[in-house]
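Here's the structure, in structure tokens; my notes come after.
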Amino acid sequence: MKYFRIGTLNCQNNSINRNNKKNGKNDNAYLLAHHILDKKYDILGTQELTRHFTRQVDDYLEDHNFYGSYSYGLGFLGTKIPLFKEFNQGNQIVTVKKVVSTRTKGLPWFPWNFDDLVKGLKKKSISRRIATIIELEGEYNRIYVINTHLDYYLPKVQQRQLNYLLKKVKKYNKFGFVVLMGDFNLQITNPMFKKFEMDLNVLGIRRVPVNEKTNAVKYKSKTAIDHIFIPKSWQIVSCGTFDTKLLSLITDHKAVYVDVII
């Protein structure tokens with residue numbers, strides 16, 4: 001049997017984190033690295049980490065590696081054009097485990113109809129969304145970890161993104177264990193999310209039962225929007241959220257975690 005601590009945390013792409021100056025107590029990269037070490041994650045899925053912030057966090061972590069690219073890539077568009085550079089965030093997976101392979105996949109993200117396009121532009125929700133996938137070599141079976149971040153405003157786009165993720169889960173589920181995590185921007189009471197949860201349940205994958213609100217008080221959601229899905233065959237030892245003073249300096253989200261025995 002193998003014991004794992006798995007977590008997901010939206011690290012908030014704001015100007016403070018983006019332009020972290022490493023100035024002692026205000027060094028958010030150090031605070032995030034300290035949280036990762038203190039909570040002893042084996043696997044942590046992050047959202048909204050920019051390239052600069054990722055590098056600074058990585059400087060403090062000797063035994064951990066970051067996997068995954070960024071929403072607008074590492075070419076000219078994602079590194080030189082100011083508007084895209086500012087929002088060129090990733091869904092990096094941080095782990096101390098041996099990774100066999102990694103890939104970053106684009107999710108459906110652009111509205112198909114004019115009304116949604118206008119709504120999305122007004123709310124500034126239209127942004128390229130991605131999923132980071134890593135493959136771990138388990139003792140008895142491969143483990144595929146998928147980490148993602150869905151659109152926060154347009155239901156039709158969210159539905160297409162859930163459909164895409166379900167296809168990916170079905171694909172990898174044939175070859176090993178699948179862990180799916182991230183900021184879904186969908187509460188557990190949302191009908192399309194409930195349907196998605198049922199579809200995964202049929203595949204032998206269940207949502208970790210963390211139901212409390214996981215994002216800032218100022219937002220309307222009353223239940224969790226950050227979720228972790230694991231194989232039903234894995235035993236849950238404990239699960240919950242980390243909502244510390246240290247984390248509140250970095251992000252307005254709580255970290256969701258689960259301790260499992262494989």
Side-chain angles (χ1 to χ4, degrees), residues 1-8 41-47 65-71 90-109 128-151 156-186 188 190-210 224 226-237 239 256-262:
M1 292 189 298
K2 292 225 174 179
Y3 174 91
F4 272 74
R5 170 163 285 181
I6 301 168
T8 181
Y41 294 103
D42 292 286
I43 304 167
L44 176 66
T46 67
Q47 299 86 44
N65 288 303
F66 286 72
Y67 296 92
S69 187
Y70 297 85
S71 54
N91 299 327
Q92 276 69 35
I93 298 175
V94 190
T95 183
V96 293
K97 300 299 182 182
K98 181 181 178 181
V99 173
V100 178
S101 65
T102 180
R103 65 216 72 175
T104 301
K105 298 291 186 180
L107 272 61
W109 62 277
R128 189 168 186 266
R129 301 286 176 165
I130 57 175
T132 296
I133 305 167
I134 63 170
E135 179 185 350
L136 306 174
E137 190 169 346
E139 185 174 352
Y140 303 109
N141 218 335
R142 301 274 182 176
I143 300 173
Y144 299 91
V145 182
I146 305 172
N147 177 43
T148 194
H149 187 186
L150 270 58
D151 184 277
K156 291 179 182 177
V157 173
Q158 291 173 326
Q159 184 63 70
R160 288 163 54 206
Q161 291 171 347
L162 290 176
N163 293 343
Y164 179 89
L165 290 171
L166 186 61
K167 288 180 181 179
K168 288 296 178 186
V169 171
K170 286 180 178 179
K171 172 185 174 180
Y172 293 115
N173 202 40
K174 297 176 182 177
F175 306 107
F177 295 125
V178 176
V179 175
L180 172 64
M181 66 177 74
D183 179 352
F184 287 77
N185 279 310
L186 292 168
I188 58 175
N190 183 286
M192 77 172 82
F193 186 77
K194 290 171 72 173
K195 174 65 166 55
F196 181 70
E197 188 176 352
M198 290 172 59
D199 290 338
L200 289 178
N201 196 59
V202 171
L203 297 174
I205 297 170
R206 60 172 168 164
R207 188 182 68 86
V208 174
V210 176
D226 304 275
H227 307 284
I228 302 174
F229 294 87
I230 62 171
K232 286 183 181 179
S233 61
W234 291 8
Q235 178 186 343
I236 295 178
V237 179
C239 62
V256 177
Y257 79 92
V258 61
D259 296 328
V260 299
I261 292 176
I262 301 176

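Model, not experiment: these values are computed from the prediction.
We find the CZ-OH distance between Arg142 and Tyr172 to be 12.5 Å, quoted to the nearest 0.5 Å. The OG1 atom of Thr148 sits 11.5 Å away from the CE atom of Met181 when rounded to the nearest 0.5 Å. In this structure, the separation between CD1 on Ile228 and CG on Leu180 is 10.0 Å, given to the nearest 0.5 Å. In this structure, CZ in Arg103 is found 10.5 Å from CD1 in Ile134, a value given to the nearest 0.5 Å. Once rounded to the nearest 0.5 Å, the distance linking OG1 of Thr46 with OH of Tyr41 reads 11.0 Å. For the atom pair CG of Asp226 and CZ of Phe184, the computed distance is 9.5 Å after rounding to the nearest 0.5 Å.
Here the side chain of Thr102 pairs no donor or acceptor atom with the backbone of Tyr67 at under 3.5 angstrom. His227 places no side-chain N or O within donor-acceptor distance of the main-chain N or O of Ile188, the cut-off being under 3.5 Å. No donor-acceptor pair closer than 3.5 Å links the side chain of Asp151 to the backbone N or O of Gln158. Of the possible donor and acceptor atoms, none in the side chain of Asp199 sits under 3.5 Å from a partner among the backbone N and O of Leu166.
When side chains are defined from C-beta on, Gln159 counts as touching Asn163, because their heavy atoms get closer than 4.5 Å. Using a 4.5 Å heavy-atom threshold, the side chains of Ile93 and Ile43 count as touching. At least one side-chain heavy atom of Val169 sits under 4.5 Å from a side-chain heavy atom of Ile205. Proximity of Ile262 to Ile143: side-chain heavy atoms (C-beta onward) are separated by under 4.5 Å at one or more points. For the pair Tyr70 and Gln92, the minimum side-chain heavy-atom distance is below 4.5 Å. Looking only at side-chain heavy atoms (C-beta outward), Phe4 and Trp234 stay at 4.5 Å or farther from each other. Contact annotation: the side chain of Val210 never approaches that of Val258 to less than 4.5 Å [non-hydrogen atoms, C-beta and beyond]. Taking the side chain as every heavy atom from C-beta outward, Ile6 and Val260 approach each other to under 4.5 Å.
In summary, Asp42 and Arg5 do not engage in a salt bridge, as defined by a charged side-chain N under 4.0 Å from a carboxylate O.
Side-chain contact, Asn201 with Glu197: no donor N or O sits under 3.5 Å from an acceptor N or O. Asn147 and Gln47 share a side-chain donor-acceptor pair at under 3.5 Å.
A tilted orientation is assigned to the rings of Phe193 and Phe229, their planes being inclined by 30° to 60°.
Considering all non-hydrogen atoms of both residues, Pro231 and Val178 come closest at CD-O, 3.4 Å. Contact detail for Gln161 and Pro108: the closest heavy-atom pair is NE2-O, 2.8 Å. Among all heavy-atom pairs drawn from Leu44 and Thr8, the shortest one is CD1-N, 3.7 Å. Nearest heavy atom pair, residue Val99 against residue Thr95, reads CG2-CG2, 3.8 Å. Nearest approach of Ile130 to Ser69, heavy atoms of both residues: CD1-O, 3.9 Å. Between Gly176 and Asn141 the shortest heavy-atom distance is CA-OD1, 3.4 Å.
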Please walk me through it: do Asp259 and Ile236 pass side-chain contact (heavy atoms from CB on, under 4.5 Å)? CA-CA 6 Å; Asp259 296 328; Ile236 295 178; over 6 Å; no
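By the 6.0 Å and 45° rule, Lys105 does not stack over the aromatic ring of Tyr164.
For Lys195, the NZ atom is loosely surrounded, since the number of other residues' heavy atoms within 6.0 Å does not exceed 12. Residue-environment remark: NZ (Lys168) exceeds the threshold of 12 foreign heavy atoms within 6.0 Å.
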